[in-house]
Engineer: 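Dropping a structure here in structure tokens format, bear with me for questions.
Every chain is numbered from 1 and lettered A, B, ... according to where its sequence line falls, protein lines coming before strand lines. All values below come from the heavy atoms of this structure, side chains included, with hydrogens, waters and symmetry mates left out. Just so you know, these numbers come straight off a predicted model, no measurement behind them.
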Amino acid sequence: MNDQLVLLAFKKACEIREAETLIAENYNKGYIRCPVHLSIGQELVPSILFSFHDVNDFAISTHRSHAHYLGKGGSLQRFFDELHGLPSGCSGGKGGSMHLIDESVGFMGSTAIVGNSIPVGVGLAEAQKLSKSKNLTYIFLGDGATEEGVFYESINYAYVRKLPCLFIVENNEYSVYTPLKPRQSCLKLENKAKAFNAHYSQNLLHEYKSLFNAWSDAIKYVKSNAGPALIEVFTNRKLAHCGPEIDDNLGYRPQKFLSKWEKYNILDIYYKSLLEAGYSKKYLEDLISEIRQNCTNIYFKSEKKHIILRGLNES
Amino acid sequence: MENYNYTKSINLALHENMKLNSRSVCIGLGINDPKRIFGTSIGLVEAFGEERCIEPPTSENALTGIALGLALQSYSVCLTHQRFDFALLSFDQLINSISKWSFMFNKEYKISLLVRLIIGRGWGQGPTHSQSYHSFLSSLPGLQIYYPSSPSSAFATISKGMNSGKPTIMIEHRWLHNTNELLDISNIDIDIIDKMKIIHHGDDITIFTYGYMVPEAFKASQYLKSFDIKVELISMDNLSMKNIDTIIDSISKTHRLLIIEPYYMQCSITTNICTEILKKITNTNLDLSSLEVLSLPFENESTSYFDTKDRYVTWVNIINKIADQLNQEIPCPTPKERPHDVPGDWFKGPF
Ligand SMILES: Cc1ncc(C[n+]2csc(CCOP(=O)(O)OP(=O)(O)O)c2C)c(N)n1
Ligand SMILES: [Mg+2]
């Protein structure tokens with residue numbers, strides 16, 4: 001991963017963090033009126049996705065899909081508009097936070113029922129195979145979704161048909177408030193993926209370079225008609241499962257777990273690498289402010305449209 | 001007598017049934033988590049332990065079959081889904097197994113299995129968090145379906161479902177969770193949910209509805225009373241019940257009928273009831289020209305605040321409709337301004 005790609009990934013990660021932070025900070029105003037599952041803390045995967053940007057690759061995602069949509073290059077304005085229930089949103093306001101789409105960049109939809117979009121992604125990959133496309137389909141899911149039967153049915157089919165699909169599992173070790181242990185007998189997804197002959201790799205502590213390499217290998221693998229690959233990325237969501245709050249006061253995640261992840265904030269990791277690569281602090285800070293300013297402008301355009309459409313007085 | 005809300009009465013019913021029967025278990029995603037399924041499972045795991053209060057993997061279809069296996073071994077099971085939409089994954093077990101296990105083996109198994117399905121509404125629940133196919137479920141022989149509209153009927157449904165030996169579905173609307181009722185909780189007649197209920201007496205017009213529309217219709221009935229319009233409001237909790245005599249008696253008196261279906265009219269339980277009414281219409285003198293129906297528009301639910309403004313029927317819509325039906329001028333009430341997508345000030349989102 002050369003420095004330019006690291007910079008690109010850093011910019012995308014910053015954009016996602018900014019976008020999600022704006023949503024969280026402004027949520028309680030009541031202009032975004034739908035459940036939101038934010039990805040603050042989980043910016044690694046979508047930023048690496050962006051460094052392999054190809055609009056002809058497809059992607060499918062879940063209830064927590066803001067970051068995947070943006071990482072695939074989805075329109076930021078249409079995203080914010082969607083959250084604000086506006087007709088100009090990426091799904092015309094009808095889908096809201098959990099049903100995003102931007103086909104112009106290959107983001108083929110995210111859905112809210114756990115496991116629901118997984119086989120759809122396999123079907124997109126089947127279409128790619130049948131039409132002899134050179135592209136692949138990303139299937140994003142969480143650790144909880146691997147408990148649904150449809151996950152196993154889908155990965156099995158993907159191998160039997162040797163489909164170009166790349167499953168990316170973001171394992172944040174929680175499904176809502178419930179940790180892995182009471183949910184999964186065999187805590188190793190590795191064993192399950194390998195049992196289905198999927199090419200497997202994992203990423204433990206936000207090591208972005210090794211994720212980039214594993215990603216690149218997985219792309220080559222699935223494009224060689226060998227069958228599906230699965231990358232498991234351990235990560236951490238900072239906020240509540242749903243909504244804008246920090247809910248660690250509820251005590252469902254051990255302090256040790258939380259402090260571990262404090263040390264692996266992906267934005268800090270990229271920042272440090274870029275400093276080491278010779279980018280100046282000033283350059284990086286200016287970049288961050290520029291991204292922040294841009295996201296803020298776009299966000300408040302959506303908010304303003306919502307306020308006007310509702311006939312509320314602007315405060 | 002004490003004031004209980006819907007959530008609390010579910011919680012008390014679960015506690016009581018778990019205490020009375022040591023072969024009873026509760027299963028459901030979130031049952032032991034900090035939010036305790038909107039507060040309905042508070043204290044259960046502390047009282048009965050993790051062996052009997054099971055926080056399961058996200059595997060709805062398997063869980064439903066597992067619940068059947070347990071019930072076949074004379075366990076009483078309450079399986080809860082935080083949304084009806086999530087339980088759609090379990091329709092294989094629900095329909096191909098549970099509804100016909102006794103029938104296909106020509107046996108009379110006692111299957112005390114209660115499945116609670118919570119319905120979402122408002123705050124952008126949208127296309128996949130607000131669905132309610134209770135009418136379809138009520139079309140399946142072998143299941144009993146309840147849609148309790150009050151805290152006491154919620155209590156009774158839990159008790160019945162966990163003890164009746166018949167697979168039971170409880171439809172639980174999120175907007176009913178905070179409704180209140182004065183109750184003697186130790187003295188609830190659980191058979192009350194198997195009869196049609198007259199909730200408001202009157203002889204000018206009959207309203208038939210059920211589920212979360214009952215409080216709205218009640219509010220409308222009370223408002224109309226102050227204009228000397230006497231509404232007879234009839235509802236049911238048991239959607240598998242076929243006896244409609246209460247409605248027939250009422251319309252024989254009022255000759256006017258307003259039917260309110262809480263979900264889509266298409267293939268609904270209320271269309272069935274209309275057919276039943278038709279069969280007995282000759283003696284009722286029902287004025288068919290005044291027959292009206294209110295329901296949701298036949299269209300998937302949008303997440304957008306702007307698209308859902310007029311989707312749900314409110315007490316104000318009911319009043320206006322009745323004014324039309326009776327051809328009377330009734331001042332339209334001006335309710336306290338509240339966004340249409342929240343049930344009350346108690347609702348804080350985000351789910
Ligand atoms: C079939 C189904 N069951 C339950 C839910 C409720 N639900 C929404 S998100 C979620 C947790 C999913 O966890 P995971 O896959 O690990 O994703 P994460 O939220 O951690 O990103 C659950 C149980 C649902 N949406 N669909
Ligand atoms: Mg998770």
Side-chain angles (χ1 to χ4, degrees), chain A residues 27-28 30-38 63 81-87 89 91-99 111-116 142-151 174-180 182-185 240-245 247 249-252 306 309-310, chain B residues 28-37 45 50 53-65 81-90 92-93 120 122-131 299-309 337-342 347-351:
Chain A
Y27 190 78
N28 288 332
Y31 300 142
I32 292 178
R33 302 180 77 81
C34 61
V36 290
H37 301 83
L38 301 177
H63 59 287
D81 283 0
E82 186 61 33
L83 298 191
H84 284 88
L86 298 166
S91 306
K94 293 193 169 69
S97 161
M98 295 193 280
H99 306 95
T111 64
I113 299 299
V114 172
N116 173 273
D143 48 294
T146 69
E147 289 149 30
E148 297 286 8
V150 73
F151 167 68
Y174 284 82
S175 171
V176 194
Y177 298 103
T178 310
L180 282 175
R183 298 187 281 124
Q184 298 188 14
S185 59
H241 165 72
C242 181
E245 320 288 350
D247 67 350
N249 56 316
L250 296 174
Y252 65 99
H306 176 96
L309 199 57
R310 258 177 84 184
Chain B
L29 284 171
I31 195 167
N32 298 337
D33 83 15
K35 293 287 164 75
R36 301 289 168 108
I37 313 193
V45 67
E50 289 184 356
C53 296
I54 302 169
E55 176 75 52
T58 316
S59 308
E60 287 80 2
N61 195 30
L63 285 179
T64 309
H81 299 280
Q82 299 203 28
R83 285 289 181 275
F84 193 121
D85 319 65
F86 308 162
L88 292 174
L89 274 68
S90 67
D92 167 43
Q93 290 296 330
W123 201 261
Q125 295 303 300
T128 59
H129 279 63
S130 65
Q131 299 172 92
E299 191 178 274
N300 288 306
E301 181 156 331
S302 169
T303 305
S304 171
Y305 176 84
F306 303 105
D307 296 339
T308 48
K309 252 191 147 71
E337 273 287 316
R338 192 180 71 211
H340 69 273
D341 62 346
V342 292
F347 183 85
K348 297 278 178 259
F351 178 57

Engineer: Checking heavy atoms, do the side chain of B:E60, its backbone, both or neither come under 4.5 Å from chain A?
Structural biologist: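 Looking at B:E60, backbone and side chain both touch chain A.
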
Engineer: Would A:R310 count as a cation-pi partner of B:Y305, with NZ or CZ less than 6.0 Å from the six-membered ring centre and within 45° of the ring normal?
Structural biologist: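 So A:R310 does make the cation-pi contact.
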
Engineer: Quick one: OG1 on B:T128 to CG on A:N116, what's the gap to the nearest 0.5 Å?
Structural biologist: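 Interatomic distance, B:T128 OG1 to A:N116 CG, rounded to 0.5 Å: 8.0 Å.
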
Engineer: Any side-chain heavy atom of A:V114 within less than 4.5 Å of one from B:F86?
Structural biologist: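 In short, these two side chains do not touch, never coming nearer than 4.5 Å.
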
Engineer: Between B:D307 and chain A, with a heavy-atom cut-off of 4.5 Å, which part of the residue counts as in contact: side chain, backbone, both or neither?
Structural biologist: side chain

Engineer: Looking only at heavy atoms, which two atoms of A:P35 and B:G124 are closest? And how far apart?
Structural biologist: CD-O, 3.5 Å

Engineer: Quick one: pull up OH in A:Y252 and NZ in B:K35 and give me the separation to the nearest 0.5 Å.
Structural biologist: 9.0 Å

Engineer: I'd like to verify something: which residue of A:S175, A:G149, A:G89, A:G93 has the highest number of heavy-atom pairs under 4.5 Å with chain B?
Structural biologist: A:G93

Engineer: Checking heavy atoms, do the side chain of B:L89, its backbone, both or neither come under 4.5 Å from chain A?
Structural biologist: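 For B:L89, side-chain heavy atoms alone lie under 4.5 Å from chain A.
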
Engineer: Mind listing the closest non-hydrogen atom pair of A:G30 and B:W123 along with its distance?
Structural biologist: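 Nearest heavy atoms, A:G30 then B:W123: CA-CH2, 4.3 Å.
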
Engineer: For the atom pair OG1 (B:T308) and NZ (A:K94), what is the distance rounded to the nearest 0.5 Å?
Structural biologist: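 Interatomic distance, B:T308 OG1 to A:K94 NZ, rounded to 0.5 Å: 11.5 Å.
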
Engineer: Between B:S59 and A:E147, is there a donor-acceptor pair closer than 3.5 Å when you use the side chain of the first and the backbone of the second?
Structural biologist: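 Confirmed, B:S59 side chain pairs with A:E147 backbone.
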
Engineer: List the atom of A:G95, the atom of B:T303, and the distance in Å for their closest heavy-atom pair.
Structural biologist: O-OG1, 2.9 Å

Engineer: In terms of heavy-atom proximity below 4.5 Å to chain B, should A:I32 be classed as side chain, backbone, both, or neither?
Structural biologist: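 Interface part for A:I32: backbone (N, CA, C, O).
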
Engineer: Does the side chain of B:S304 pick up a donor-acceptor pair with the side chain of A:H84 at under 3.5 Å?
Structural biologist: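 Absent: no donor and acceptor within the cut-off.
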
Engineer: For the candidates A:M98, A:E82, A:E148, which exhibits the highest count of non-hydrogen atom pairs separated by less than 4.5 Å from chain B?
Structural biologist: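 Of A:M98, A:E82, A:E148, A:E148 has the most heavy-atom pairs under 4.5 Å with chain B.
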
Engineer: Mind checking the OG1-CG spacing from A:T178 to B:L29? Nearest 0.5 Å is all I need.
Structural biologist: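 Rounded to the nearest 0.5 Å, the OG1-CG separation comes out at 7.0 Å.
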
Engineer: Do you know the tightest heavy-atom contact between A:L250 and B:P34?
Structural biologist: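 Heavy atoms only, the tightest pair is CD1-CB, 4.1 Å.
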
Engineer: Any idea which of A:A112, A:G144, A:S97 has the most non-hydrogen atom pairs under 4.5 angstrom with chain B?
Structural biologist: A:A112

Engineer: With the side chain counted from C-beta on, respond yes when B:D85 and A:I113 share a heavy-atom pair under 4.5 Å apart, and no when they do not.
Structural biologist: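 Yes - at least one pair of side-chain heavy atoms lies under 4.5 Å apart.
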
